[in-house]
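Order of the sequence lines fixes the chain letters, A, B, ..., with proteins taken first and strands second; residue numbering starts at 1 for each chain. Excluded from the calculations below are hydrogen atoms, water molecules and symmetry mates; all remaining heavy atoms, backbone and side chain alike, are included.
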Amino acid sequence: MRMSTLFLRTLREDPADAEVPSHRLLVRAGYIRRVSPGIYTWLPLGLKVLRQVEQIVREEMDGMGAQELLFPALLPKEPYEATGRWTEYGDNIFRLKDRKDGDYLLGPTHEELFTLAVKDLFNSYKDLPVSLYQIQTKYRDEARPRAGILRGREFVMKDSYSFDLDEAGLDKSYQLHRDAYVRIFDRLGFHYVIVQAMAGAMGGSKSEEFLATAENGEDTYVHCPSCDYAANVEAVKVAAPQPISYADAPAVHVEETPDSPTIATLVDRLNELYPRADRAWAATDTLKTVVVMLVHPDGTREPLAMGVPGDREVDEKRLGAQVEPARVEAFEESDFAAYPALVKGYMGPQALGLESESGVRFLVDPRVVEGTAWVAGGNRHGYHAIDLVAGRDFTADGFIEAAEVRPGDPCPNCGTGLEAARGIEMGHIFQLGTKYAEALDLKVLDENGKLRTVTMGSYGVGVSRAVACIAEGNHDDLGLCWPRNISPADVHIVATGKDDAVALYAEELTRALEAAGATVLLDDRKQASPGVKFKDAELIGVPTIVVVGRGLADGTIEVKDRRSGDRREVAVDNAVSEILREIGRS
RNA sequence: CGGGGUGUGGCGCAGUCUGGUAGCGCGUCCGCUUUGGGAGCGGAAGGCCGCAGGUUCAAAUCCUGUCACCCCGACCA
């Protein structure tokens with residue numbers, strides 16, 4: 001590549017619409033250009049980087065025995081209707097119509113197509129297991145694309161799917177993918193964690209996410225400092241305490257608690273009007289009742305009440321993950337009007353549950369086990385129930401993991417206090433089970449000649465996101481600092497000065513390195529000043545920068561490490577071998 | 001969808017309060033000089049001031065509406 005002709009324009013200033021470093025630098029250094037929100041063009045340098053990442057992913061997928069294929073991005077509606085995702089995916093799908101008014105979509109993910117392809121070609125247990133993958137452009141009409149290429153509406157994803165006869169086979173395929181992912185993310189140079197995750201809209205059971213650790217990441221996860229437990233906050237399972245005996249517990253009594261619609265005011269009122277001998281009332285003694293409106297994919301609305309310890313908020317992400325594919329909406333005044341048994345600010349378990357007078361489904365936090373006593377709403381304005389014992393005075397319809405998770409909460413494995421951190425989701429692996437195979441009738445004959453439903457796994461890597469994520473983790477004040485195996489070139493040669501000898505030698509060195517298999521970005525611009533060239537080289541971020549300039553008269557050139565800034569003089573005579581050694585190609 | 005902000009040459013911005021017919025820096029083009037840390041001088045091209053109405057002798061500026069984009073929250077690789 002020659003800078004004099006390369007389709008590139010670097011920007012001296014940060015683009016105004018870019019906030020996060022990866023976005024700012026990828027635009028400034030001329031890797032990408034925005035076309036529309038969440039939709040980007042890959043310029044020559046950017047495309048090289050994208051292809052490098054793709055290649056690493058491809059090698060590892062091939063290495064674990066998966067086979068690459070390619071589906072269209074433009075898809076008919078029918079397969080997605082069969083699995084229910086045409087509606088479940090909601091507004092996130094880009095939908096379009098053909099001239100005959102037929103419905104199409106731009107694929108957000110391809111479970112259906114892979115399932116149908118296997119159904120089309122295979123029909124015996126002898127054909128299994130098989131893992132297939134593609135590296136392809138996906139489309140999701142994100143409510144809010146952001147951070148450049150980190151979260152786009154069009155993005156490149158590697159998605160793969162495993163097909164097995166039984167659970168044991170699925171476990172094996174899942175583990176193979178997991179191992180391949182570890183190799184992929186190691187090669188991409190991420191600091192990452194593998195966390196337990198929710199299966200989400202994909203359906204299925206076991207699921208883990210690969211999160212690149214990043215302070216500005218969108219996902220919050222917790223991890224245990226003393227064992228290997230780590231989980232996305234959505235997926236944290238609270239360790240339920242043992243039920244306790246309530247034989248000696250005082251009977252429930254409803255007391256007047258004026259002006260106490262919030263937990264804080266309630267605790268004040270309790271300590272003021274009904275002080276306890278042994279200790280003061282605290283938020284942890286109260287059971288907070290929160291009601292929301294669930295909107296199911298078919299449009300039906302169902303109220304849901306939840307009881308959580310009073311010192312905790314309901315975490316909307318956790319709640320959303322629990323009730324998926326239903327959507328959570330606020331419970332409006334008009335909803336309260338429709339359910340007169342729900343007294344705003346004073347709701348309590350005794351009026352809740354499918355069997356109760358309100359008929360509203362009531363789920364409680366796992367900490368609300370049988371025998372625990374609470375102060376909760378009295379279902380009458382200005383009243384609360386005290387010594388309300390779970391299992392004696394009320395029974396919930398079930399449990400829900402919706403209360404917020406906080407640093408310091410006990411690890412479900414070992415009880416140590418959990419720590420919280422943030423990350424960017426780079427990969428996600430799922431054991432899907434038979435959801436798609438059943439919906440699309442993917443069965444094979446087993447050794448007894450009987451039809452068996454195939455069990456599936458689904459595995460994704462955000463390829464274009466990885467580019468952003470690597471940029472996010474590999475830059476400094478001057479610009480990008482690519483890892484060698486991702487960089488758009490092995491060496492960036494800067495020719496300074498107007499001396500013809502410099503230009504000639506730089507050209508000669510470039511050819512020699514290229515002949516040895518290295519990729520070179522040569523700054524052969526005649527008009528640009530040395531300062532401009534140095535700045536551009538630093539911005540672009542090729543890991544090794546070679547300066548051919550004033551030292552040439554003395555028979556030396558300069559080899560500089562972009563990341564450390566270390567530089568050394570190298571004799572022209574052994575320049576090629578030295579540089580090849582530097583870039584790890586000798 | 002809720003909150004905040006911004007729309008002015010390719011990029012970054014000023015001008016808007018207090019209407020008077022568009023400016024600065026960078027970039028681009030031409031010429032000369034310059035070449036180890038974003039060069040100098042001279043010349044040039046390039047803008048329906050997001051869009052639509054309105055007020056006015058006159059609108060980038062005031063009024064109304066509308067659209068777009070960015071950031072923060074609810075969704076996802």
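In this structure, C13(B) and G23(B) make a Watson-Crick or G-U wobble pair, each of the two defining distances being under 3.5 angstrom. The base-pairing partner of G2(B), taking Watson-Crick or G-U wobble contacts with both distances under 3.5 Å, is C72(B). With both pairing distances under 3.5 Å, U55(B) is matched to nothing as a Watson-Crick or G-U wobble pair.
When side chains are defined from C-beta on, Arg85(A) does not count as touching Ile93(A), because their heavy atoms never get closer than 4.5 Å.
Taking the C1' atoms as reference points, A22(B) lies 14 Å from C48(B), given to the whole Å. Only the C1' atoms considered, G46(B) is 44 Å distant from A74(B), to the nearest whole Å.
Ion pairing of Arg95(A) with Asp103(A) is absent here, as no side-chain N (NZ or NE/NH1/NH2) approaches a carboxylate O to less than 4.0 Å. A salt bridge links Glu507(A) with Arg2(A): at least one charged nitrogen is closer than 4.0 Å to a carboxylate oxygen. Using a cut-off of 4.0 Å between Lys/Arg side-chain N and Asp/Glu carboxylate O, Glu218(A) and Arg146(A) are scored as salt-bridged. Classification of Glu59(A) and Arg183(A) as a salt-bridged pair fails, no side-chain N sitting under 4.0 Å from a carboxylate O.
Side-chain N/O atoms of His177(A) and Ser162(A) include no donor and acceptor closer than 3.5 Å. In summary, the side chains of Arg525(A) and Ser4(A) do not present any donor paired with an acceptor at a separation below 3.5 Å, with no hydrogens or angles considered. Residues Asp141(A) and Tyr139(A) have side chains that never bring a donor and an acceptor to within less than 3.5 angstrom of each other.
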Please list, for nucleotides 6-10 of chain B, all pairs of protein and nucleotide N/O atoms separated by less than 3.5 Å.
none

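Regarding contacts with the backbone of G27(B), a side-chain N or O of Arg12(A) is found under 4.0 angstrom from either OP1 or OP2.
Within 4.0 Å of Gly460(A), counting heavy atoms only, lies no atom of the nucleic acid at all.
Separating the CG atom of Asp14(A) from the P atom of C26(B) is a distance of 18 Å, rounded to the nearest angstrom. A straight line from CG of Leu150(A) to P of A77(B) spans 14 Å, rounded to a whole angstrom.
Checked against salt bridge (charged side-chain N to carboxylate O under 4.0 Å, His left out), Lys158(A) has no partners two or more places apart in sequence or in another chain. With sequence neighbours excluded, no residue forms a salt bridge (charged side-chain N to carboxylate O under 4.0 Å, His left out) with Glu508(A).
Lys560(A) contributes no side-chain N or O that forms a donor-acceptor pair with the base of G36(B) under 3.5 Å. On a pure distance criterion of 3.5 Å, a polar donor-acceptor pair joins the side chain of Arg28(A) and the base of G38(B).
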Worksheet, complete the sentence: With sugar-phosphate taken as primed atoms, P, OP1 and OP2 and all else as base, the protein-contact string of nucleotides 66-73 of chain B at under 4.0 Å (heavy atoms; B, S, -) is ---SSSBB
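RNA chain B lies under 4.0 Å from at least one heavy atom of each of the following residues of residues 525-545 of chain A: Lys526(A), Ala528(A), Ser529(A), Pro530(A), Gly531(A), Val532(A), Phe534(A), Lys535(A), Asp536(A), Glu538(A).
The stretch residues 545-556 of chain A participates, sequence neighbours left out, in no salt bridge (Lys or Arg N to Asp or Glu O under 4.0 Å) pair at all.
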